[in-house]
J.: 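Quick one: this structure, given as structure tokens, is what I'll be asking you about.
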Amino acid sequence: MNVALLARPAEKVAPGLLGAILTHEAPEGTVSITITETEAYSGSADPASHAYRGRTPRNAVMFGPAGRLYVYRSHGLHWCANIVTGADGIATAVLIRAGRVIEGQDLARTRRGSKVESARLARGPGNFCRALGITAEHNGADLLAGASVALSEGEPVPAALIRVGPRVGVSKAHDWQHRFYLAGDPTVSAYRLSPRAKPSGGA
DNA sequence: GTACGGATTACCT
DNA sequence: GGTAATCCGTACG
């Protein structure tokens, strides 16, 4: 994956990441997942972004150069992974919401539970990280420089299959059309409006 | 120092 | 389809 493709605004990068592949080489094995759903977060201009209120220890990675992995904990239980985009100093990132396991499915199922059907192994941001084996220790990893987690280009995705919609589960700026996913793909998570979502303007 | 509320998931009905 | 689980970052006093 070329860093130039990532060093752009998140909402430009997010649809292009559909079809890209994240691979994690862990001691217990390798899992690769094709990305099927993403969400763009536009840094200081985006009320729903962790970076909206400025730089903090948690979100520092987002302010760094493109191509890094930003990992945060959600609801005390789950890990969620973002690919940092934009120029160094600009805190934009793309949340990886779902994907299709294409390598290491046995290991992914071991991590997720034996009863989980294949299409749901990496469906949802928390599940995606669990299937891939991503935790806080991967926060800040450089996906383009031979870390244990790497981003590569997969098969090109037909533009006609890409859908756009409002972001899932955010209480602020939930109506921004910053969620991108593959039409009809069973690995894409279901849309859910945040119970705290209030009417708001935005792009 | 204390309080609040999640970029969610899984399980129960 | 609704709701409990769970803990830490951020905000405010």
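Convention: sequence-line order gives letters A, B, ...; per-chain numbering from 1. None of these values were measured; they are calculated from a predicted model.
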J.: Output all residues satisfying side chain to side chain contact (heavy atoms under 4.5 Å, CB included) with A91(A), sequence neighbours left out; order by chain, then residue number.
T.: A51(A), M62(A), F63(A)
J.: Could you check which residues of residues 40-53 of chain A get a heavy atom under 4.0 Å from DNA chain B? Sort them by number, please.
T.: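 Within residues 40-53 of chain A, the residues near DNA chain B are Y41(A), A48(A), H50(A).
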J.: Please, which pairs that meet side chain to side chain donor-acceptor pair (under 3.5 Å) have at least one residue in residues 149-160 of chain A, sequence neighbours excluded?
T.: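 Of all non-adjacent pairs touching residues 149-160 of chain A, none passes side chain to side chain donor-acceptor pair (under 3.5 Å).
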J.: What pairs of residues pass the side chain to side chain donor-acceptor pair (under 3.5 Å) test when at least one of them lies in residues 68-84 of chain A, not counting sequence neighbours?
T.: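 Residue pairs passing side chain to side chain donor-acceptor pair (under 3.5 Å), neighbours aside: H50(A)-Y70(A).
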J.: Without hydrogens or angle criteria, can the side chains of R109(A) and S118(A) be said to hold a donor-acceptor pair below 3.5 Å?
T.: yes
J.: Describe the nucleic acid contact of R120(A) in one word from base, sugar-phosphate, nothing, applying a heavy-atom distance below 4.0 Å.
T.: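 If one applies the 4.0 Å heavy-atom cut-off, R120(A) turns out to touch nothing in the nucleic acid.
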J.: Using a heavy-atom cut-off of 4.0 Å to chain A, what are the terminal contacting nucleotides of DNA chain B, in 5' to 3' order?
T.: dG5(B) to dA10(B)
J.: Does E25(A) have more than 12 heavy atoms from other residues, nucleotides or ligands lying within 6.0 Å of its CD?
T.: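 Counting other residues, nucleotides and ligands, CD of E25(A) stays at 12 neighbours or fewer.
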J.: I'd like to check the side chain to side chain contact (heavy atoms under 4.5 Å, CB included) partners of L22(A); sequence neighbours left out, ordered by chain and number.
T.: I35(A), I96(A), F128(A), L132(A), L143(A), V149(A), L151(A)
J.: Under 3.5 Å for both distances, Watson-Crick or G-U wobble, that's the pair rule; now give the dot-bracket for DNA chain C, with | marking pairs to another strand and [ ] for crossing ones.
T.: |||||.||||||.
J.: Salt bridge between R123(A) and E117(A), side-chain N to carboxylate O under 4.0 Å?
T.: no
J.: Under the rule for ring-ring contact (aromatic ring centres under 6.0 Å, His included), what residues qualify as partners of H138(A), not counting sequence neighbours?
T.: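 H138(A) satisfies ring-ring contact (aromatic ring centres under 6.0 Å, His included) with H24(A) only.
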J.: Is the shortest distance from a Lys or Arg side-chain nitrogen in R167(A) or E39(A) to a carboxylate oxygen in the other one below 4.0 Å?
T.: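 Between E39(A) and R167(A) there is no salt bridge, as every charged N stays at least 4.0 Å from the carboxylate O atoms.
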J.: Check DNA chain C against residues 66-102 of chain A and give the residues with a non-hydrogen atom under 4.0 Å, in numerical order.
T.: R73(A), H75(A), G76(A), L77(A)
J.: Could you check whether R130(A) gets within reach of a base, just the sugar-phosphate, or nothing at all, counting any heavy atom under 4.0 Å?
T.: sugar-phosphate
J.: Pairs in or reaching into residues 94-125 of chain A: which pass ring-ring contact (aromatic ring centres under 6.0 Å, His included), with residues at least two apart or in two chains?
T.: none
J.: Just jot down the side chain to side chain contact (heavy atoms under 4.5 Å, CB included) partners of V188(A), sequence neighbours excluded, or say none.
T.: T36(A), E37(A), R179(A), Y181(A), D185(A)
J.: Map G124(A) and R196(A) onto DNA chain B by nearest heavy atom, then report which one ends up closer to the 5' terminus.
T.: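 Taking each residue's closest nucleotide, the earlier one in sequence belongs to R196(A).
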J.: Which residues pass the side chain to side chain contact (heavy atoms under 4.5 Å, CB included) test with Y52(A), sequence neighbours left out?
T.: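 Expected list: P47(A).
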J.: Hey, does T56(A) reach any base, or is it just sugar-phosphate, or nothing, if we go heavy atoms under 4.0 Å?
T.: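 Sugar-phosphate only.
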J.: Please determine whether residues M1(A) and L69(A) belong to a single hydrophobic cluster, defined as Ile, Leu, Val, Met, Phe, Trp and Tyr linked transitively by side-chain heavy-atom distances below 4.5 Å.
T.: yes
